[in-house]
Chemist: 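Okay, handing you the structure first.
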Amino acid sequence: MASSAKSFLADAGYGEQELDANSALMELDKGLRSGKLGEQCEAVVRFPRLFQKYPFPILINSAFLKLADVFRVGNNFLRLCVLKVTQQSEKHLEKILNVDEFVKRVFSVIHSNDPVARAITLRMLGSMASIIPERKNAHHSIRQSLDSHDNVEVEAAIFAAANFSAQSKDFAVGICNKISEMIQGLATPVDLKLKLIPILQHMHHDASLASSSRQLLQQLVTSYPSTKMVIVTLHTFTLLAASSLVDIPKQIQLLLQYLKNDPRKAVKRLAIQDLKLLANKTPHTWSRENIQALCESALHTPYDSLKMGMLSVLSTLSGTIAIKQYFSSAPGTAATTARSFDLVKLAQECCYHTNRGIAAHGVRILTNISASCQDKDLLPLEQDAVFGLEALLVLCSQDDSPGAQATLKITLTCMVKLVKCRPHLSQSVVESLLTQLQSAQDNARILMCHCLAAIAMQLPVLADGILGDLMDLYKLIGQSATDKKQELLVSLATVIFVSSQKALSTEIKTVIKQQLENASNGWTAYRIARQASRMGNHDMARELYQSLLTQVASEHFYFWLNSLKEFSHAEQCLTGLQEDNYSSALSCIAEALKSYHKGIASLTAASTPLNPLSFQCGFVKLRIDLLQAFSQLICTCNSLKTSPPPAIATTIAMTSGNDLQRCGRISNQMKHSMEEFRNLATRYGDLYQSSFDADSATLRNVELQQQSCLLISHAIEALILDPESASFQEYSSNGTAHVESEYERRMMSVFNHVLEEVESLNRKYAPVSYLHTACLCNAVIALLKVPLSFQRYFFQKLQSTSIKLALSPSPRNPAEPIAVQNNQQLALKVEGVVQHGSKPGLFRKIQSVCLNVSSVLQSKSGQDYKIPIDNMTNEMEQRVEPHNDYFSTQFLLNFVILGTHNITVESSVIDSNGIVWKTGPKTTIFVKSLEDPYSQQVRLQQQQGQPPSQQQQQRTAYSRF
């Protein structure tokens with residue numbers, strides 16, 4: 001509900017004219033001053049959108065002070081609106097600069113005679129606890145209100161007490177006794193006790209406080225055995241243990257005890273729910289005895305719903321370190337006894353259970369055991385897992401209900417995981433999927449196609465023989481045009497593209513195009529073309545893009561499709577390359593470059609200010625430069641035939657002491673070529689670093705392009721420029737890494753083959769012979785023959801992250817410089833906001849932001865002084881961690897030299913793995929350094945011939961620095 005309200009409030013002003021921050025605030029202020037209640041409420045609820053759009057402290061401070069005024073003088077309904085806005089804008093609260101003033105205006109209402117007004121104020125204070133955790137007047141008001149006779153006020157005080165306890169150790173220590181007295185007091189109604197108990201989950205600030213809270217909860221569990229009381233107390237117990245960490249093993253034992261001994265189903269459900277929470281949070285604290293006890297409870301329970309809950313805890317644990325502890329710490333463990341464990345017995349028993357959910361958890365446990373305990377001989381378990389998965393697949397693929405679809409997703413995920421860890425099982429899994437695909441429901445078929453594609457991307461298991469079956473199914477589906485059928489067409493086409501590793505046959509292309517013409521819309525055709533580009537089937541992609549050109553509504557889309565068509569055509573030209581035929585290779589590359597240049601012009605026309613297509617343009621420009629470098633290298637290799645070394649080359653080499661000179665002009669050309677490839681590798685590295693939001697497959701693709709540049713530069717060095725010192729050790733381990741796609745597999749095999757060729761030539765022959773140049777040309781052709789894969793990030797951005805910077809002081813006019821006296825330092829404040837798209841942190845999260853400030857002297861004014869070199873430039877770097885997507889820091893800059901200085905502030909981000917990403921932005925301001933009045937006066941006196949006094953000589957501006 002909260003999220004939908006947030007989005008509703010955020011979109012409330014959709015379609016408004018764009019205003020700057022001040023105008024927008026004035027507009028809302030006008031609404032707040034209105035005499036009509038409706039207009040005032042409308043103005044209040046539009047504030048979250050304002051905060052979202054202009055998330056900097058100067059505006060947020062003013063806005064919150066205005067809201068505090070409304071809260072102070074308005075009626076209770078307006079106060080409620082302000083409370084809701086404050087709760088929705090919680091992450092902006094720390095940007096309030098005048099906290100005292102804000103709190104003073106809000107707090108004045110606590111003295112009202114109206115208990116509802118006091119209750120709203122208490123909730124307001126509770127919502128602000130993060131910025132005023134140690135305010136004693138707020139603490140005192142909450143304590144007082146807990147003794148109120150008005151239920152609404154007491155509930156508000158409980159809410160505020162919980163929030164303050166979470167933030168303030170002092171408050172938690174002070175309120176703990178009060179809460180325990182109220183809970184144990186006979187006068188307190190039971191429903192109030194149920195609301196008070198959850199406050200104890202925040203009593204984790206130190207060990208003694210946590211220990212006393214645990215003792216109180218222990219007493220409550222035994223003193224009040226009613227169902228509601230036990231449920232609330234146990235859950236609070238769990239949350240307290242999860243926060244204080246030290247008591248988690250005891251808590252797991254307590255929950256298992258209740259699960260085993262308490263006859264009430266509701267208590268058992270709560271125990272399972274809390275065990276699941278602890279399994280997710282701290283799986284390493286689960287001992288073998290804990291897992292064993294849970295297995296025994298699951299084996300003996302007659303209720304399916306409870307069994308399913310316990311299995312879900314076990315399936316969570318089976319994917320963590322706990323499963324290894326379970327198998328390794330078992331007494332007298334032998335490889336043959338794997339089936340005798342209770343966990344395995346339970347999983348095998350559940351695999352064929354009539355309840356789908358139980359069966360799904362059973363197979364997930366078996367899959368996780370097979371995947372994580374690879375050192376054991378678990379062949380029987382693998383077979384059990386495969387049979388269980390196949391049984392579930394048959395069951396769920398015939399059923400269209402949401403429950404069956406959810407179970408099918410779990411089943412297919414387990415299949416992909418099992419095949420990844422145990423490749424020898426892939427054939428049987430794929431066969432069962434293909435068999436079931438014929439008779440399954442459409443929803444299930446889509447998921448099964450995704451699974452097949454995921455397996456085939458990792459292992460080449462789809463043979464050409466199955467293409468006939470897939471094509472028959474494709475023809476069958478193409479006869480209807482429902483949304484599900486469209487989705488299925490895309491999924492099935494993807495499987496066909498993955499399974500036909502080489503180029504598609506004409507027959508397949510005709511069938512796909514025919515079905516698309518019959519029953520599909522343009523969007524389906526585009527998605528299939530996109531998949532073809534990802535899988536390297538560029539001829540198919542080109543034809544589809546061509547057919548879509550006339551079906552789009554805007555010229556930007558037209559140019560985008562046209563550019564994709566040209567890129568596909570360019571890559572198609574490279575499929576005709578043949579080894580040892582270098583003249584045709586040059587003409588193929590020239591043809592590809594022609595299409596690429598047309599495509600980049602079209603791509604530039606497709607970009608807009610809101611969607612600049614920077615990654616796409618960068619990737620394609622690098623591809624063009626790489627093709628040109630390859631073409632140049634082949635020409636350089638050919639020059640050994642067209643322009644062989646002169647007869648006196650050996651003499652020149654001996655006199656100059658450079659042995660390479662005996663090869664003639666080719667040696668210098670090769671040196672240039674090697675530098676060019678190294679430069680391209682660096683540029684690919686820069687593109688990688690700037691793609692913070694890219695998915696891992698796209699980044700791996702960029703990395704492979706970079707490695708191909710490094711490979712060629714290494715080959716040139718090893719074969720021609722420096723064969724003596726060439727080392728092959730650092731390049732030889734690349735093949736051992738886990739391969740994620742067919743494109744990567746083919747590229748890695750080319751890399752290894754080229755390295756072997758280069759190494760064998762390097763040992764046998766001295767440079768430069770035709771064998772060396774042929775080896776280089778063949779390496780280029782081998783790399784280009786692997787069809788380029790245009791990965792997801794080229795078409796689609798799933799994660800979006802940007803940083804917005806604000807500098808102060810900042811000039812009114814961007815071109816106008818800020819004036820600073822040269823004997824003073826400028827305090828530059830840099831504030832920033834991290835903005836996210838709809839899926840923040842999908843691939844990687846920002847850990848900290850690195851800010852780099854540098855200044856360059858643009859133009860000098862006044863005399864030249866001899867100044868230490870340290871004072872001429874400013875180069876500083878600071879790392880700040882964003883809190884609630886906001887960060888700020890300050891830099892002190894010197895401007896000793898008179899004149900105009902250009903200050904550049906550049907931000908880059910560091911993710912949770914410590915990798916630096918150059919995301920930008922870069923902001924520039926100008927500073928004019930002026931001479932301070934005293935130095936100016938001394939200089940004028942010197943010019944007029946008056947010698948300054950001794951005291952003045954010591955106090956010149958520059959003697960200070």
Side-chain angles (χ1 to χ4, degrees), residues 1-112 114-132 138 152 156 159-160 163 833 884 886:
M1 278 298 290
S3 62
S4 62
K6 266 186 192 177
S7 61
F8 168 72
L9 286 175
D11 297 338
Y14 183 73
E16 292 174 355
Q17 190 181 352
E18 286 291 311
L19 302 168
D20 68 9
N22 289 332
S23 311
L25 187 59
M26 283 165 68
E27 194 72 25
L28 291 183
D29 190 37
K30 204 186 293 178
L32 293 178
R33 292 168 188 273
S34 164
K36 296 176 184 172
L37 182 63
E39 286 179 13
Q40 284 179 302
C41 291
E42 189 188 348
V44 170
V45 298
R46 280 167 63 188
F47 271 89
R49 176 176 163 76
L50 181 75
F51 298 154
Q52 202 178 355
K53 208 167 179 188
Y54 308 105
F56 287 102
I58 193 156
L59 177 129
I60 283 167
N61 185 57
S62 307
F64 268 114
L65 288 176
K66 289 180 191 303
L67 287 173
D69 271 334
V70 171
F71 189 89
R72 183 165 54 90
V73 299
N75 60 20
N76 282 349
F77 183 66
L78 271 174
R79 284 177 186 140
L80 196 61
C81 290
V82 173
L83 170 64
K84 292 292 176 195
V85 168
T86 307
Q87 287 175 341
Q88 284 175 17
S89 310
E90 196 179 346
K91 72 175 192 178
H92 298 299
L93 287 174
E94 63 183 39
K95 298 174 199 168
I96 300 173
L97 306 173
N98 301 21
V99 177
D100 291 345
E101 187 58 37
F102 178 61
V103 175
K104 193 168 99 180
R105 293 177 192 185
V106 169
F107 195 74
S108 60
V109 186
I110 202 78
H111 305 299
S112 164
D114 178 4
V116 176
R118 291 201 300 272
I120 294 172
T121 310
L122 285 166
R123 286 187 180 273
M124 187 78 173
L125 290 170
S127 305
M128 290 153 46
S130 58
I131 56 168
I132 52 163
V152 177
F159 170 81
N163 282 16
V833 175
N884 286 331
Y886 170 77

Chemist: Considering only heavy atoms from C-beta outward, does the side chain of Val70 approach that of Gln40 to under 4.5 Å?
Modeler: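 SC-SC contact between Val70 and Gln40 ruled out.
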Chemist: Tell me if a side-chain donor or acceptor on Asn61 pairs with a main-chain N or O of Asn98 at a distance below 3.5 Å.
Modeler: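 Between the backbone of Asn98 and the side chain of Asn61 there is a qualifying donor-acceptor contact (under 3.5 Å).
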Chemist: Can you see which heavy atom on Pro57 is nearest to which on Tyr886, and at what distance?
Modeler: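 Shortest heavy-atom separation between Pro57 and Tyr886 comes out as CG-OH, 3.1 Å.
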Chemist: Which atom pair, heavy atoms only, marks the closest approach of Asn76 to Ile120?
Modeler: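 Reported closest heavy-atom pair: O-CD1, 3.6 Å.
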Chemist: Write down the atom of Ser127, the atom of Asn163, and the distance for their closest heavy-atom approach.
Modeler: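 Closest approach of Ser127 to Asn163: N-ND2, 4.0 Å.
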Chemist: Go through Leu67 and Val85 one step at a time and tell me if the side chain to side chain contact (heavy atoms under 4.5 Å, CB included) criterion holds.
Modeler: CA-CA 9 Å; Leu67 287 173; Val85 168; 4.0 Å; yes
Chemist: Scan for ring-ring contact (aromatic ring centres under 6.0 Å, His included) pairs involving residues 67-93, sequence neighbours excluded, and state none if there are none.
Modeler: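 Of all non-adjacent pairs touching residues 67-93, those that pass ring-ring contact (aromatic ring centres under 6.0 Å, His included) are Phe51-His92.
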Chemist: Looking at every heavy atom in both Gln88 and Pro48, which two are closest together, and how far apart are they?
Modeler: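 Between these two residues, the closest heavy atoms are OE1-CG, 3.9 Å.
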Chemist: What distance separates Ile96 CD1 from Ser62 OG, expressed to the nearest 0.5 Å?
Modeler: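 If I round to the nearest 0.5 Å, the distance is 11.0 Å.
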Chemist: Under the 3.5 angstrom rule, does the side chain of Arg105 hit a backbone N or O of Leu65 as a donor-acceptor pair?
Modeler: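 A pair under 3.5 Å: yes.
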Chemist: Ignoring hydrogens and angles, tell me if any N or O in the side chain of Arg118 forms a donor-acceptor pair with the backbone of Ser112 under 3.5 Å.
Modeler: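 Yes; judged by distance alone, with no hydrogens or angles, the pair exists.
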Chemist: Does Asp69 pair with Arg72 as a salt bridge, N-O distance under 4.0 Å?
Modeler: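 Yes.
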Chemist: Check whether Asp114 reaches the backbone of Val116 with its side chain - one donor and one acceptor, N or O, closer than 3.5 Å.
Modeler: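 Between the backbone of Val116 and the side chain of Asp114 there is a qualifying donor-acceptor contact (under 3.5 Å).
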Chemist: Using side-chain hydrogen bond (donor to acceptor under 3.5 Å, both in side chains) as the criterion, list what pairs up with Ser34, not counting sequence neighbours.
Modeler: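 Scan of Ser34 (side-chain hydrogen bond (donor to acceptor under 3.5 Å, both in side chains), adjacent residues dropped) gives Glu39.
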Chemist: Quick one: are Lys66 and Leu25 in side-chain contact, heavy atoms under 4.5 Å?
Modeler: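 A side-chain contact exists here, since the closest heavy-atom pair is under 4.5 Å.
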Chemist: Quick one: pull up CE in Met124 and CG in Leu80 and give me the separation to the nearest 0.5 Å.
Modeler: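 Taking CE in Met124 and CG in Leu80, the distance rounds to 11.0 Å.
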Chemist: Mind listing the closest non-hydrogen atom pair of Cys81 and Cys41 along with its distance?
Modeler: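 Answer, listing the atom of Cys81 first, then Cys41: SG-SG, 4.3 Å.
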Chemist: Minimum heavy-atom separation for Ala68 and Phe102, please, with both atom names.
Modeler: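 Reported closest heavy-atom pair: CB-CD1, 3.5 Å.
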Chemist: Are Pro115 and Val152 packed together at the side-chain level, in the sense that at least one heavy-atom pair is separated by less than 4.5 angstrom?
Modeler: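 Pro115 does not reach Val152 side chain to side chain.
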Chemist: Quick one, Asn75 with Leu37, criterion side chain to side chain contact (heavy atoms under 4.5 Å, CB included). Give me CA distance, side-chain angles, the key distance, then yes/no.
Modeler: CA-CA 9 Å; Asn75 60 20; Leu37 182 63; 3.6 Å; yes
Chemist: Applying side chain to side chain contact (heavy atoms under 4.5 Å, CB included) to Val82 and Phe47, what does each step give before you reach the verdict?
Modeler: CA-CA 9 Å; Val82 173; Phe47 271 89; over 6 Å; no
Chemist: Can you tell me how far the OH atom of Tyr54 sits from the CG atom of Asn22, to the nearest 0.5 Å?
Modeler: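 CG of Asn22 is found 9.5 Å from OH of Tyr54.
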Chemist: Side chain to side chain contact (heavy atoms under 4.5 Å, CB included) with Phe64: which of Leu59, Val99, Thr86?
Modeler: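 So, applying the side chain to side chain contact (heavy atoms under 4.5 Å, CB included) to Phe64 and each of Leu59, Val99, Thr86, only Thr86 qualifies.
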Chemist: For residues Phe159 and Leu122, determine if any side-chain heavy atom of one lies less than 4.5 Å from a side-chain heavy atom of the other.
Modeler: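 A side-chain contact is absent here, since even the closest heavy-atom pair is not under 4.5 Å.
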Chemist: Holding to side chain to side chain contact (heavy atoms under 4.5 Å, CB included), I want the full list of residues that pass it with Lys104, two or more places apart in sequence or in another chain.
Modeler: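 Partners of Lys104 by the side chain to side chain contact (heavy atoms under 4.5 Å, CB included) criterion, ordered by chain and then number, come out as Glu101.
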